[in-house]
Structures are given as structure tokens and as C-alpha cells.
Amino acid sequence: MIRNLLGRVYPFYPVLFILGSGIITLFFGLSSRKSFKLLALVLSVFSLAGGLFINIFSFNLTGEFNNLLFNFGTLQVLLTSIVLFFAINILFFLALFNFSKENFIKIIIIFDICITSFIFFIVSINFIIIFVSLVFLAAGVLQLVTLLSRGNISKSIPEYSVKHNIIRFFLLSAFSLLLMFLGFSLVYGATDLKSFSAVMESDFKNTSFVKTGFFLILCSAVTFGGFVPLHSPYMKMQRRIEGTGTIIIWLLYLPAGLFIFLKLKDVLFNFLGGHNNYIIAVLLAVSAASILAGNLGAIRTTSIRRIFSFLMLGIMGLSITGFVQYGLGFFDERSVIIHMVSNVILAGAAYIPLMSVFYHLENINGTDQIGNIKGFGRQNIYLAINMCIIMLSLGGLPGTYGFLGRISLLSPYMKNPGSIFAQAGGTFSKVLNISVIAVIFIAWAFIAVNMIRLILIIYGRVEKKPGTGQAGFQEGLQGAGRALPEGPQKKAILPVFIYIYVTFFTLLIILAGIAGILELFGLRQLLPGISIIGLNL
Amino acid sequence: MNLQIIILSSFAIFLLGIFGLSFYRSFLSAIIAFQFIIFSATIIFFSFSLFLYNSSVWDKTFIFFAFASIYILQFLIVFYNYSTQTGVYELDVKKDFRFFIFSKSDWWGEDRIGDD
């Protein structure tokens with residue numbers, strides 16, 4: 001009977017774990033006692049870790065699952081695992097920076113609901129489930145961001161500014177979901193079919209109603225992801241909200257925007273497969289604009305949060321370049337998916353450890369200015385080296401995980417350099433071809449420049465003037481600790497577990513990078529059966 | 001009345017919503033513009049259901065769940081705006097809630113906190 005019951009809930013074992021811990025946590029929802037907070041946190045961590053394990057284990061045991069509403073295959077297992085891993089790390093941030101808050105248990109409960117909605121979104125194929133789970137995810141993120149920002153307002157940022165920009169961002173989110181609703185009304189209404197794959201297999205796929213519907217859903221994905229030119233609410237909000245809120249946006253909300261593209265993959269592959277140059281050009285324009293705006297914007301700002309928000313915009317833009325490569329005939333379907341997923345993994349693997357250090361420094365100094373990290377490399381050699389490796393990986397340094405994502409986009413041209421000009425389809429195709437190479441190089445170069453800029457600041461020399469900056473503060477001189485344009489105001493003493501945490505991610509990035517390089521040269525696979533690259537190299 | 005006219009009028013309502021969102025700046029205008037888009041989508045759903053599929057149950061199910069979820073999200077945004085739990089109450093006067101603003105602070109470079 002139990003086996004029968006378990007068979008019925010497959011593939012939602014992680015959801016069972018999370019809901020189980022959520023229900024137990026509900027009993028302590030109004031409590032602000034430290035012991036209950038700790039219990040809620042531990043329960044949540046164990047449920048997510050258990051969910052991560054059971055997600056992979058049950059798939060290995062039972063295999064794929066398909067019905068009218070859900071599809072659970074290799075891609076879904078991978079995406080669910082990524083989300084659960086990110087969720088565990090977000091919990092770490094919650095515990096680190098928000099444990100003292102009175103509403104901590106409520107935050108945990110809403111966080112559980114968010115993750116549950118995300119898992120449903122990943123495995124859903126039916127339009128209703130896709131839409132409803134995405135709306136609940138957005139609503140959950142809104143609640144989390146507002147709850148975290150309450151009572152945590154920086155003195156330098158007025159509360160009306162925080163509230164205004166949170167509302168503006170989530171109005172954009174609601175607008176994107178309404179566009180999706182309208183798109184579904186056309187696709188669903190005109191065909192009476194309930195999933196993208198069913199529509200693509202039908203004779204309706206080339207009707208104008210269905211094409212308009214797909215176009216609206218694609219627009220909603222671009223809007224939801226905060227791509228250029230609608231990135232302003234995202235950029236403004238990230239600077240003003242509480243630190244963990246920004247991590248939630250980077251690791252839960254924005255990846256959901258990219259996963260909408262994965263939901264649309266059958267549609268995009270169908271229209272791009274016919275060498276439809278106009279769709280390729282539109283996707284390339286969105287991607288190039290996001291990469292350029294993201295990377296140029298990051299160079300021209302001195303706020304760490306804003307720099308990394310801009311860089312995330314660039315990564316989002318780079319993630320959809322895979323579809324352009326598919327349209328030009330250089331990528332197969334698998335490569336597009338792996339390219340997008342690897343960019344999400346890279347963003348997570350780099351942002352989580354870096355932000356754990358940056359937010360500590362922000363809390364110490366009371367500002368997110370780049371001056372916080374000036375001279376950090378001389379003060380804390382071990383952490384600085386780790387951070388540099390992670391940042392260089394984000395910049396695409398060979399031998400790290402970041403390199404693989406960058407080289408994969410260029411690999412078709414490296415294999416066959418003549419293909420740049422030998423593309424069939426006329427001058428327009430050649431222009432697209434050259435443009436995409438230019439975009440890839442620009443993305444690589446600019447993100448590397450951004451990272452080198454940060455590393456130079458980390459190892460920069462702090463001027464030791466009496467009465468100002470770190471030296472003055474330590475000596476207790478008059479005027480010490482006042483706001484300075486450059487240089488940290490206080491000596492950064494970080495907890496030991498931050499060292500362990502950052503080291504773990506550095507090792508992960510290096511190991512994945514080495515494994516990928518070995519695979520690239522055809523030497524051997526470090527992890528038998530698991531391809532790090534998995535692309536058409 | 002035929003399906004074509006209904007679809008065209010619903011498209012006109014959608015454009016009204018987009019115009020409202022891009023032209024007006026206030027919070028309430030954005031919320032009202034959203035209603036136009038919801039209205040437009042609902043017309044399309046029901047007209048297709050009525051004309052082509054003999055009042056399909058699936059369409060009504062979609063409408064029910066979509067309304068429930070999207071109105072929860074909108075309610076949360078409205079509640080947050082008018083909530084007295086935050087120090088600032090009712091951000092509507094002289095506030096610019098447009099999504100697309102072409103200013104230096106919105107696009108690149110330094111973010112000037114006092115501008116908003």
C-alpha cells in the first residue's frame with residue numbers, strides 16, 4: 001500500500017520533504033524564540049538536502065515519468081537539483097544575515113512555498129500548471145523580498161525608495177505574467193491543446209493565432225528575465241533591498257526567467273530550425289543588448305551590488321545566445337540546453353561564495369561601495385586568492401568551469417574557421433554569423449575586464465592617513481570610521497565557516513574546469529558517465 | 001457577431017492596456033492597465049471556447065486558476081503599497097512606476113538614490 005502511495009506521488013518526493021518540514025514549521029510560525037528558529041532552519045536544510053538526494057536517487061531507480069500535466073526526464077532532474085542546491089545555499093544566507101529577525105520562521109515557510117512552486121514549474125508541461133506555478137513563484141519571491149527588507153533599511157537609502165523600486169519590479173513581473181496569460185489564451189484557445197509539444201506536433205503550429213501567442217509568451221519570458229530594455233526596475237531594486245533578497249532574485253527568480261526559454265524550446269527549435277533569420281536577429285539583438293548593457297554598465301559603477309546585477313544581466317544575455325547558435329546551425333538541441341544550464345550553474349557557483357564575503361564586508365562597513373574590498377587581498381590573503389579564482393572563472397579563465405561555457409560557443413568556429421563565411425542563406429546570414437562571433441568575444445572580453453578591475457581593487461593599496469580609513473579606526477584617531485570614498489573603514493574579520501564555504505566552491509569550480517579541459521582534449525572523463533562539457537565540441 | 005470582430009476588439013483592449021502602462025506613471029494606472037490585459041485575454045479564451053469548442057471545460061478551468069493566481073499576485077503588490085506596516089504609506093503621488101525609463105541612472109553608470 002505504501003509502495004502504491006509512493007508510486008502515485010512520483011516525481012514529487014522533494015516536494016513531500018519540503019512540505020513535511022513546512023507543515024512542522026507552521027506550528028512555530030509566530031514564535032520568535034531562538035530554539036524554534038534553529039529547529040525550523042535545521043528542518044528546512046534537511047528537507048532540501050533530502051529532497052536533492054531523493055530527486056536523483058528516485059530518478060535512477062524509477063526512470064522517466066510522463067502524463068498530461070508533468071514530464072520528469074533528465075533535464076527536469078538536473079534543473080530540480082540545481083534549484084534545490086541553490087535553495088540550500090540561500091538558506092545559508094538567510095541564517096547568516098537574518099536569523100535575528102522576529103519573522104524568521106515566516107520567512108522560512110514562505111521560502112519553502114517558493115521552492116515547491118519552482119519544482120512544480122520545472123516539471124510541468126500543461127499550460128495551466130506552468131502559468132499557476134510561475135505566478136506563485138513570483139508571489140513567493142515578492143513576499144520574501146518584502147519580508148526581508150522590512151526593518152532592514154539602510155540609513156543612506158530612504159524607505160520610500162526601497163518600497164517604490166520593489167513595487168516597480170514586481171509590477172513588471174506581473175505584467176510579464178499577464179503577457180503570458182494573453183499568449184496562452186491565443187495558443188490554448190485557438191488549438192484546444194494543453195502543452196507546447198502537443199501544439200508543435202499538430203497542424204496548428206503555423207497558424208497566425210498560434211504564432212502570435214508564441215510571440216507573446218516569448219516577450220513575457222524576456223520581460224520576466226529583466227532583459228534589456230526592461231532591466232531598469234531590476235537594477236534599481238537590487239541596490240536597495242536586503243542582501244539575501246538579491247541572492248533570491250539572482251538564484252531563483254532570474255533562473256526561472258531562463259527556464260521559460262527551456263519550456264519554449266520545442267517552439268524555438270521549430271522556428272529557428274527553418275533558418276528563420278528574423279527570429280535569429282531578434283534573439284541576437286536581445287542577447288547582444290543585454291551583454292553590452294550589462295558589461296558596460298558594470299564597468300561604470302562603484303556599487304558592488306550593481307556591478308554583479310549588471311554582470312548577471314550579461315550572463316542572462318549570454319545564456320540565450322545558444323538559441324542563436326542553433327538557428328545558425330552550429331549547435332544541436334542538446335548543446336543549447338546544456339549551454340543555458342551551465343551558465344545558470346556558473347552564476348550560482350560564483351555568486352554564492354562571492355556574495356557571502358561581500359555582504360559580510362557590506363555589513364561591517366555599512367555600504368556596498370567598491371571601496372569595501374580595496375586592500376582586502378593584502379589583509380586576507382587566503383580568501384582573496386579564492387575570490388580571485390572564482391571571479392576569474394566567471395571571466396572565463398582556462399582551467400576553470402567558466403572557460404567551458406565560453407569556449408563552447410566558439411567551438412564550432414574553432415573546428416571549422418571557414419564556416420564563418422561559408423554559411424548558406426545569403427548576406428544576411430553571414431552578417432548574423434559575424435555578429436554572433438563579435439557578441440561572444442565582446443561578452444568574454446568585457447566580463448574578464450570587469451573581473452580584472454575587481455581583482456586590481458582587491459589587491460589595491462590603501463592610503464594610511466591618520467584619522468581616516470582602517471588604520472585610523474584601529475588607532476582610535478579622531479574622525480576615524482567616517483564615510484570614505486575609497487578604502488575599507490573597518491578591518492574585516494570573517495567567520496571560519498565562510499573560509500570553508502568559499503574553499504568548497506573554489507575547489508568545485510577548479511575540479512569541474514580541469515575535468516572539462518581533460519574532456520576537451522579527449523584524454524579522459526574524471527567522473528565516469530558524467531560529461532562536464534556535453535556539447536558538440 | 002463573428003469571432004474575427006471579437007478577437008480584433010480584444011486586441012484593441014490589449015493595446016489600451018499597453019498604452020496605459022507606457023503613458024501613465026501612477027500605481028493605480030498600472031493596475032487599471034493590467035485589468036485591460038486580463039480582460040482582453042479572457043475575451044479571447046471565452047470566444048474561442050464558445051465558437052470553436054462548444055464551451056470547453058478546460059478553458060474555464062484555466063481562467064479560474066489563472067484568475068486566482070494572478071489576482072493573488074496583484075493583491076500582494078497592492079497590499080504592500082498600501083500597507084501601514086512599512087514606514088511609507090501609499091506610494092502613488094508623484095511616483096513614476098513606468099517600466100521603461102531612459103535615464104543614465106536607469107541604464108548604466110552610477111545609481112543615484114535620491115532621483116526616485
Side-chain angles (χ1 to χ4, degrees), chain A residues 127-128 131-132 134-136 138-139 142-143 146 150 153 156-168 170-175 177-179 181-186 188-190 192 194 209 223 228-233 235-236 239-240 293 296-303 306 310, chain B residues 7 10-11 14 17 21 27 30-31 33-34 37-38 40-49 52-53 56 58-59 61-63 65-66 68-70 72-77 80-81 83 85-88 91 95-103 105-111 113-116:
Chain A
F127 292 152
I128 300 176
F131 184 75
V132 173
L134 195 59
V135 178
F136 273 98
L142 164 66
Q143 290 179 73
T146 52
R150 226 173 96 188
I153 308 300
S156 58
I157 302 173
E159 191 173 0
Y160 76 84
S161 179
V162 178
K163 192 169 176 176
H164 172 230
N165 284 291
I166 289 177
I167 293 172
R168 203 165 148 237
F170 285 99
L171 278 177
L172 179 67
S173 175
F175 171 61
L177 291 164
L178 288 178
L179 278 183
F181 183 38
L182 189 69
F184 279 142
S185 76
L186 281 169
Y188 195 43
D192 204 30
K194 284 117 195 139
F209 277 135
T223 318
V228 172
L230 294 165
H231 63 295
S232 155
M235 293 305 308
K236 289 265 180 182
R239 179 82 199 283
R240 288 158 176 78
L296 285 175
I299 291 174
R300 288 179 55 83
T301 185
T302 54
S303 154
R306 201 164 158 84
F310 269 125
Chain B
I7 300 293
S10 85
F11 186 65
F14 167 68
L21 274 177
F27 178 75
I31 295 291
F34 284 176
I37 301 172
I38 293 175
S40 162
T42 314
I43 288 173
I44 294 172
F45 259 119
F46 280 132
S47 56
F48 274 120
S49 170
L52 298 184
Y53 305 110
S56 148
W58 275 95
D59 284 10
T61 316
F62 198 133
I63 293 275
F65 281 108
S69 53
I70 203 75
I72 283 175
L73 180 61
Q74 284 192 57
F75 171 75
L76 288 173
I77 297 170
Y80 180 60
N81 189 31
S83 165
Q85 290 180 356
T86 55
V88 183
L91 270 178
K95 283 286 150 206
D96 192 346
F97 283 96
R98 283 177 306 166
F99 305 138
F100 180 78
I101 302 171
F102 195 79
S103 73
S105 172
D106 282 275
W107 273 68
W108 52 73
E110 292 295 359
D111 180 7
I113 301 286
D115 278 4
D116 47 13

So do the side chains of [X] and [Y] get within less than 4.5 Å of each other, counting heavy atoms only?
| X | Y | answer |
| --- | --- | --- |
| S69(B) | F136(A) | yes |
| F181(A) | I38(B) | yes |
| L182(A) | S40(B) | yes |

[options]: which one forms the most heavy-atom pairs within less than 4.5 Å of chain B?
| options | result |
| --- | --- |
| L296(A), L230(A), L178(A) | L178(A) |
| V135(A), T146(A), I299(A), D192(A) | D192(A) |
| A298(A), S303(A), P229(A) | P229(A) |
| G189(A), A174(A), G183(A) | G189(A) |
| L179(A), L186(A), L177(A) | L186(A) |
| R168(A), R300(A), H231(A) | R168(A) |

With only heavy atoms counted, which part of [X] is less than 4.5 Å from chain A, the side chain, the backbone, both or neither?
| X | answer |
| --- | --- |
| A30(B) | side chain |
| I43(B) | neither |
| F14(B) | side chain |
| L76(B) | both |

Checking K194(A) against Y188(A): charged group under 6.0 Å from the ring centre and within 45 degrees of the axis?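 The answer is no; the distance or angle limit is not met.
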
Atom group of F127(A) that falls short of 4.5 Å from chain B, counting heavy atoms: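 It is both, since atoms from each part get that close.
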
Next on the checklist: Need one label for F310(A): side chain, backbone, both or neither, based on atoms under 4.5 Å from any heavy atom in chain B.
Outcome noted: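 The answer is the side chain of F310(A).
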
Item to complete: Could you tell me the separation between the CD atom of E159(A) and the NE2 atom of H164(A), rounded to the nearest 0.5 Å?
Response: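 The CD atom of E159(A) sits 14.0 Å away from the NE2 atom of H164(A).
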
> Out of curiosity, I31(B) CD1 to F34(B) CZ, how far, rounded to the nearest 0.5 Å?
Replying inline: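 Spacing of CD1 (I31(B)) from CZ (F34(B)) equals 6.0 Å.
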
